[in-house]
Every structure is written in C-alpha cells, then in structure tokens.
Number of protein chains: 2
Amino acid sequence: MGTVSKALSLLGFFSRSRSLIGLSEMARLSRMNKATVHRMLNELQAEGFVEQSGTGREYRLGPALLRLAALREATVPRRDLAQSVVDDLAARTGETAHASFLQGEVLSTITYAYAHQHGLQVTMEDAEILPLHATSSGHVVLAYSDPAFQKAALATALKSYTDSTITDAKLLQAKLADVRTSGFAEALSAFETDVHTHAAPLFDANQACIGALAIAAPAARMTPELRSLIRNALLEAAPRLTRLMGGFLPTDYARKDAAE
Amino acid sequence: MGTVSKALSLLGFFSRSRSLIGLSEMARLSRMNKATVHRMLNELQAEGFVEQSGTGREYRLGPALLRLAALREATVPRRDLAQSVVDDLAARTGETAHASFLQGEVLSTITYAYAHQHGLQVTMEDAEILPLHATSSGHVVLAYSDPAFQKAALATALKSYTDSTITDAKLLQAKLADVRTSGFAEALSAFETDVHTHAAPLFDANQACIGALAIAAPAARMTPELRSLIRNALLEAAPRLTRLMGGFLPTDYARKDAAE
DNA sequence: CTTATCGGTTCACTATATGAACCATTGGTT
DNA sequence: AACCAATGGTTCATATAGTGAACCGATAAG
C-alpha cells in the first residue's frame, strides 16, 4: 500500500458518530506511527481535505471535499450511474432490470436494461411512472420512507391493476413491515399479470430512501434458483449504487451479504 | 512537497469544463512524470477518489468524494463557518460584520461580530431579517440572483426605511447593474440612518448567490482609508467563505484581488 | 508502412517516508 | 505542589517507497 492510499484511508475513519479525531486517536485507529499520521494530516490539511477545528486541535473533514463532490455530481449524472448498475444486473440475472427514483410524490423509472438471453422478457416503457402501492419498487420506497410520507400514500385510493394488487391499506402496511425486516420487496402480478418482481432500496446522503433497484421476470420462469440469484444480485447492487451516488445505508438496513 | 500533496493536487485539475482527464494530459497539466501520475491515479482510484469513465480510459472524480462531502456537511454547520469568517472580518476592519443567507424569499442574518475597538459601533439583532431592496446585503443578493427572482422582488412595494432608501424599481435596477460590475454593494443610510454598509456575495455549489457578507460602520467614521480596508477585506473573505461552504464563484464574478 | 498519439509498465537510482525517542502542554490525582 | 498520563507536535538516522527515462502494445491518421 502506497503512502497516498494510507493518507487517504485516514479520511475513512471519520463518520457521523466520530466527526472529530485527534492525532493520537487517529494513530491508534490506523495503527500507524504518530509522526507518520501527523505528516499525512498536515498534507491533507494543506490541500483542504481536513482542517483543525477552531476549539480543540482535533481534525475534521475539510472544505475541499465539498468543491470536488459538487464537481463529481456535475460530471456524472445519477442516470449514468444507475445505467451501469442496471446493465450489470440484467446481465447477471438474465432478466429485465430497472432503477426508479422518487420525483416528488411519484416513482419514476429513469433507466432499464434487457438481458437478451430469452425470447420472452418483461418490457419497460421510457420514464414509466410506477404506483407506490402496486409495485415492488413502490413497496420498498414506502417501507423505508418517513412515516408521514407513508401514511399519506396509504391514505389515497389504492387503485387495482390486477387481481393480485393489494388495495387494502392494512394489508399493505403489514407487507411493508415484512419489507423492512427482509431488506427487499417481492411482488407477483401486482402491477402486471404474470410478472414477478424483486426490488431493493436506494438511499441518499441523509440515509433517506430515494428510489429502488428492481428485477422483473416472467412468473413462469421463476424458480428457487432464479429467486436466490436475483436476491443476491440485488443485495449487492443496491448498496453499490447507493454508494456510487454518495448515499449512506441507514443503520437499521438489514445487510444480508450472504443471503441464501 | 510530499507525495500525498502531489497526488491530491491532481484532483484540482478537474473542473466543470474539464471533467475527464487522460493519463498523458494529467501528466502534462501537473508537469509530473507519466509513470508517477499513473501510480498516483491508481492509488486515488483504489480509494474511490477518481474512477475511469466507462467509455474511454480517461479519469474523472470518484464516488468517495460524495460520501466524505456529505459527512463534512453534517459535521460543520454553515453557521460555524460563517462565524469564523465574520469574527475575522470584524477584527480586521474594526467594524461590525455579519453574514446573511436567503431563506426562501427573505434574507436572514445568521451570525454577526462586533470589533470592540470603538465605543460607537453598529449593533445587530439576532436573526434579523434584512429587506432585499434596502440593504447592501440585499442589493448584492438581488444583483446576483436569477432574473425571475430579482423581477419578483422589484415588483413588490419597496418600503422606505430612511430618507435615503431607494424605493423606485428603475433606480434600484440601475444600482444592481453597478453591483454586478464592481462585485459588491455599498449603501449609506438605506436601512438605518448614519450606517454605512458594504456587502459581497456568497455562492453555493451551483454558483447561485445564496447570501452576503457585510460590514456596517457608523457613517461618521467612513474615510477613504476605511472604505478601502473594508473592500479589500470583503473581497478576500467572501470568496473564502464561499469556498468553505463548498460553493463556486460564477465565472462572471469580478475578481479584484488587488482592489485599491 | 510510417508516424503520431494513447494508457500502461519496467527497473536502476535516490528522494522520501518512517518510527523510536524526544519536547512542551494540559488536566486530573494524590 | 508534585506527580502522572494523557495530549499535539518535532527530530533524525534508517530504509522503504517514489521517481522518471525508456520501454511496450494498441489505436488512429496520413
């Protein structure tokens, strides 16, 4: 590991619960010599990546990060990030993948990808609007949204799209509780008949759920093996996309890295 | 200059107009050896500070910056940043300094500092609301706001606070044009009689004006020397605070680093 | 086929990073 | 007051990690 990596890795020790770190503490955390850490912090400070808080002499993250993050955000649109992950998901699962984001009160699909491995596959429309109560993406967003938003969404009339659409608020609420414990949502024929979908949540920098990553497969093709493949793919890809967009996973978000 | 600083300085070559940089170009820009730059970019990439764009092999800023910037923002409130700059301004000019930010449609003072060098000084109230048309801070914000906002503000009734308050929209519009060319606003007795104020704009990451930094002095104390001192202090401090908050100066913002 | 680029790699050389031991302060305990 | 255990910061002999000219293979243009 080069000196540069070591220095940059120091920044990784800052977190929401540990926003100020002193020299000695940083040396302990990084298991590096105090003198080494001191020189690295000095260099990081010279470039604005850390600064010393006015009061104590402890270090905290610096203003240069804001500059660079703003540039990053300007140069890499969220859509492109989602596209790369969705492409990857479709290739790995052999099924249609899509990413949707909350835009105000509605969930809008901003990108999707087909797998081209089978003749039969679920097709998508550009910029499709997904009903929150009748899609797995919607369920996942509702499950992780703040209570006020969830309540408002459940209070509206729940339109039925298929025989299997959940139109009862109480039933849906129970389902959302399941989603929160398992970390993703599953729906069969809820929005379109014979379409089986899985979805996992996406979060922003404030740990708020802002959208979902989903896989849609023909119900006929669903087997325990495919189901497991899809779940594992989603559980890896959704946190990855969250990270790419600069988001944070909430602490209560169940990480099941080795889901069977 | 240590290796870490050199590596971090590479990030500084990215800008809105140059968001993708290839290895050779980066070597040219930084006047460093290609092999050196390559190794540095590799280390930066390993830590997520840069990444290679899908298409070409060029480098762009990476996702780790978003994570860290979000943490920075969470740990250092804007108010604290403004406070440190305002304290410094008051000490350097010997007059009252304050920082105000747009909150919706009104300009609200979030922090101020007295100099304690003179018996007579301009006093402030906590969380004071400043009228946009009758303060130098307001002028500066209006001058750099988008036309729609400016137009809406000028369309309302312009209340008179003193004999010198500008209440004519046309006159005010002319004044705002001056502010844009000079880079700051000056007002005498516009809001309070015998108070002479100077203000300079503050910008966010989208180069939008979000507030102003101002110095208020008793009119009786204003001399060409003090005026020059205040202007120089503001022209240094305002961009500095903008940078501390992760903002960008607009390209058309007159930088008069050596103002007389 | 030649001649530019490009991104990336190699390896002798040396500049740079390292860390044990060292200050000077600070705050708490006896 | 004296002592101890922290803190942030510094020194300097040692050796590790960084450097850069020259190289490669690929791609594109003339």
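Labels below follow one simple rule: chain letters A, B, ... track the order of the sequence lines, proteins then strands, and each chain is numbered from 1. A quick note: this is a predicted structure, and the numbers were derived from the prediction, not measured.
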Whether B:Gln207 side chain and B:Leu249 backbone form a donor-acceptor pair below 3.5 Å: yes

Exam field: side chain B:Asn206 to backbone B:Ala208, donor-acceptor pair closer than 3.5 Å: no

What's the [atom1]-[atom2] distance between [X] and [N], to the nearest Å?
{"X": "A:Glu43", "N": "C:dA17", "atom1": "CD", "atom2": "C1'", "answer": "10 Å"}
{"X": "A:Arg31", "N": "C:dG19", "atom1": "CZ", "atom2": "P", "answer": "14 Å"}
{"X": "A:Leu41", "N": "C:dT18", "atom1": "CG", "atom2": "C1'", "answer": "15 Å"}
{"X": "A:Met26", "N": "D:dG8", "atom1": "CE", "atom2": "C1'", "answer": "14 Å"}
{"X": "A:Leu29", "N": "D:dT7", "atom1": "CG", "atom2": "P", "answer": "12 Å"}
{"X": "A:Arg57", "N": "C:dA24", "atom1": "CZ", "atom2": "C1'", "answer": "10 Å"}
{"X": "B:Leu44", "N": "D:dG18", "atom1": "CG", "atom2": "P", "answer": "12 Å"}

Thinking salt bridges, do A:Arg18 and A:Glu58 make one under a 4.0 Å N-O criterion? no

Those residues of residues 32-40 of chain A lying under 4.0 Å from DNA chain D by at least one heavy atom: A:Lys34, A:Ala35, A:His38

Test of ring centre spacing under 6.0 Å for A:Tyr253 and A:Tyr144: yes

At under 4.0 Å, does any side-chain N or O of B:Tyr59 touch on OP1 or OP2 of C:dC6? no

Is any side-chain nitrogen or oxygen of A:Gln52 closer than 4.0 Å to OP1 or OP2 of D:dT7? no

Closer to the 5' end of DNA chain D via nearest nucleotide, is it B:Thr3 or A:Glu25? A:Glu25

Result for 5'-nearest mapping on DNA chain D, choosing between A:Gly22 and A:Lys6, is A:Gly22

Closest non-hydrogen contact found for A:Leu102 with A:Leu107 is N-CD1, 3.6 Å

How far apart are the C-alpha atoms of A:Thr111 and A:Gln83, what are their side-chain angles, what is the distance that settles it, and do they pass the side chain to side chain donor-acceptor pair (under 3.5 Å) test? CA-CA 6 Å; A:Thr111 180; A:Gln83 186 69 58; 2.3 Å; yes

Is B:Arg28 touching bases, backbone alone, or none of the nucleic acid, heavy atoms closer than 4.0 Å? sugar-phosphate

Between atom CZ of B:Phe13 and atom CD1 of B:Ile21, what is the distance when rounded to the nearest 0.5 Å? 8.0 Å

